[in-house]
Amino acid sequence: MESATQALRLNADTPSSVDTSRVRLPGFERHNLPVSVLHIGPGAFFRAHQMDYFDQLNAVDPSWGVMAIALRSRKTPEALARQNGLYTLVTLDEEVEYRLIGSLLDVEYFEDASAFDQFLQTGLRLITLTITEKGYCLGNNGKLDLHHPDIAHDVENPNSPVSAIGWLVKGFRARQDAGMGGLTVLSCDNLPANGAKLKSAVLDYAEAVDPALSSWIEQEVYFPSSMVDSITPATDASLIERVEAHCGYADAWPIQREAFTSWVIERIPGADLPAFDRVGAILTEDVEQHEQAKLRLLNGAHSTLAYAGLACGEESVATATANSELHTLIANMMRDEIKPSLEPPEGLDLDVYIDDLLRRFANPAIIHKLSQIAWDGSKKLPIRLLDTVRDNLAAGRSIEGLATGVAAWMRFIIRMTQANSAITDPMADRLKALAKGVKDTADHDVDLFLSLTEIFEPELVSQPKFSKALKTAYDRVMVMEKSNLSGEEQS
Ligand code: CS2
């Protein structure tokens, strides 16, 4: 993303000339930071969330310099290399704050020769990951899918892996060969028990390529889980312009997010974790309840709002939350269906949390596109909605709102297919082929979607209450679509 104006490009010299009444600078000397963290997947969320914690930590304990490796594209490494790893974090709420983030020392593309050497840095203490749900290559049983094309490739070619799992294991092998110690690997993705799932995936893959290495990893590497939270809309041209106008330099890749942020990290014996609790994170033995509350309430409501909101012609989370039908849908779903499925973690009042979520979704300072949240539904639905559906069916509770989210996803896939629009989802081709066979009747179409066993487990599909609720919800979503279309025609 290039700026059209002539402002000076952000670079290593910028901090010395920046107007500090407009932009907050890192509270540490960048050039003194040792490299102690390797991050895989330097997407927007990592730069908006974890890097903020590293920057605050370095202001009190300047020992956490971060190197990042991009597995999917050269775009981020190239844009950030031109800025010496510096970028602006903009927090958007009642007050808007601009900060220059300084702890990211370099970003490299995984195919570049020097990228892999990061694993062998003697000062390396921590590996963090944001590779999204699909990056773990898991089947719907939560275990590594050895038939996943990337994993199958890596098992055949362990020295030139393309998956994050293959990359990590190649790195561990290099450390084992070099007689170096293990590490702590911290997953920061929206998966329940993300550390345990990552560990099991890494061990299963290592077992397939080198069983002795698998034992070494089991003894030497720690995989705490963590819950991450901060609403982070994608960077767009208006953010780039806004940063340039306010800060006086051209930043090719600033990041925006809400002011709220939270990070709950599992404390496990032996793991070497920075003292993130000094800068607002929670370190606890008991991360699972935090993860579950966040994934089911925030992300479950987000996905429901995305698919139902798009059916109603809404574009952003804030406008969808202002739509009274959608507001009622997600508020009731959170209060009556999701909350009873949760055991609240200590110190978290779920009613307050739900009210806060509705406020956060309504934040008028942020344009968080529903189409961004709609990505990768086949990977998100099981975690965000179907786990709760399963619990509620077993307990005899309502699933009306949850089913509306799932049915709205089906309709989203159908509309996108009919409009010949691209679907971002690892199952996109299958989904499109399936959507071509719909008849726009709930009975037929819902059964068709329920044949996708990668998403809908047979045990769930066999429950008549589930398909009945989905069919009712499917009709409800078609009514939403129709009233949106007739509204469009009238205007
Ligand atoms: C969103 C999340 O894009 C999505 O699917 O639901 O990224 C959400 O904004 C974050 O998890 C908030 O912490």
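Numbers here simply count residues along the sequence, with the first being 1. Both counts, for ligands and for their atoms, begin at 1 and track the order of listing. The structure displayed is predicted, hence computed values, not measured ones.
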Using distance alone, determine whether K380 and ligand 1 share an N or O pair under 3.5 Å. yes
Within a distance under 4.0 Å of any heavy atom of D229, pick out the atoms of ligand 1 and give their elements. 12 (C), 13 (O)
No-hydrogen, no-angle side-chain donor-acceptor test under 3.5 Å, S103 and D55: yes
State whether a side-chain donor-acceptor pair under 3.5 Å links S187 with Y136. yes
R360 N/O under 3.5 Å from ligand 1 N/O: no
Atoms in ligand 1 flagged as close to H368, the criterion being non-hydrogen separation under 4.0 Å: 9 (O)
Protein heavy atom at shortest distance from atom 2 (C) of ligand 1: N299 ND2, 3.6 Å
For K294, the ligand 1 atoms whose distance to one of its heavy atoms is below 4.0 Å: 10 (C), 11 (O), 12 (C), 13 (O)
What do we get for K379 next to ligand 1 when only non-hydrogen atoms under 4.0 Å count, side chain, backbone, both or neither? neither
Closer than 4.0 Å to some heavy atom of S230 - which atoms of ligand 1 meet that? 12 (C), 13 (O)
Tell me the nearest of L295, N190, T232 to atom 7 (O) of ligand 1, using heavy-atom distances. N190
Any side-chain donor paired with an acceptor under 3.5 Å for D61 and S63? yes
Under a 3.5 Å threshold, yes or no: a donor from one side chain and an acceptor from the other, between T130 and H39? yes
If we count only N and O atoms by modelled type, under 3.5 Å, do the side chains of Y474 and D445 hold a donor and an acceptor together? yes
Below a 4.0 angstrom heavy-atom separation, can you tell me which part of A306, side chain or backbone, both or neither, approaches ligand 1? neither
Would you say the side-chain atoms of D251 and Q83 include a donor-acceptor pair closer than 3.5 Å? yes
Please check if the distance between the ring centroids of H368 and F361 is under 6.0 Å. no
Would you mind listing which atoms of ligand 1 come within a distance below 4.0 Å of any non-hydrogen atom of H302? 1 (C), 6 (O), 8 (C), 9 (O)
Does the distance from a Lys or Arg side-chain N to an Asp or Glu carboxylate O, for D391 and R397, drop under 4.0 Å? no
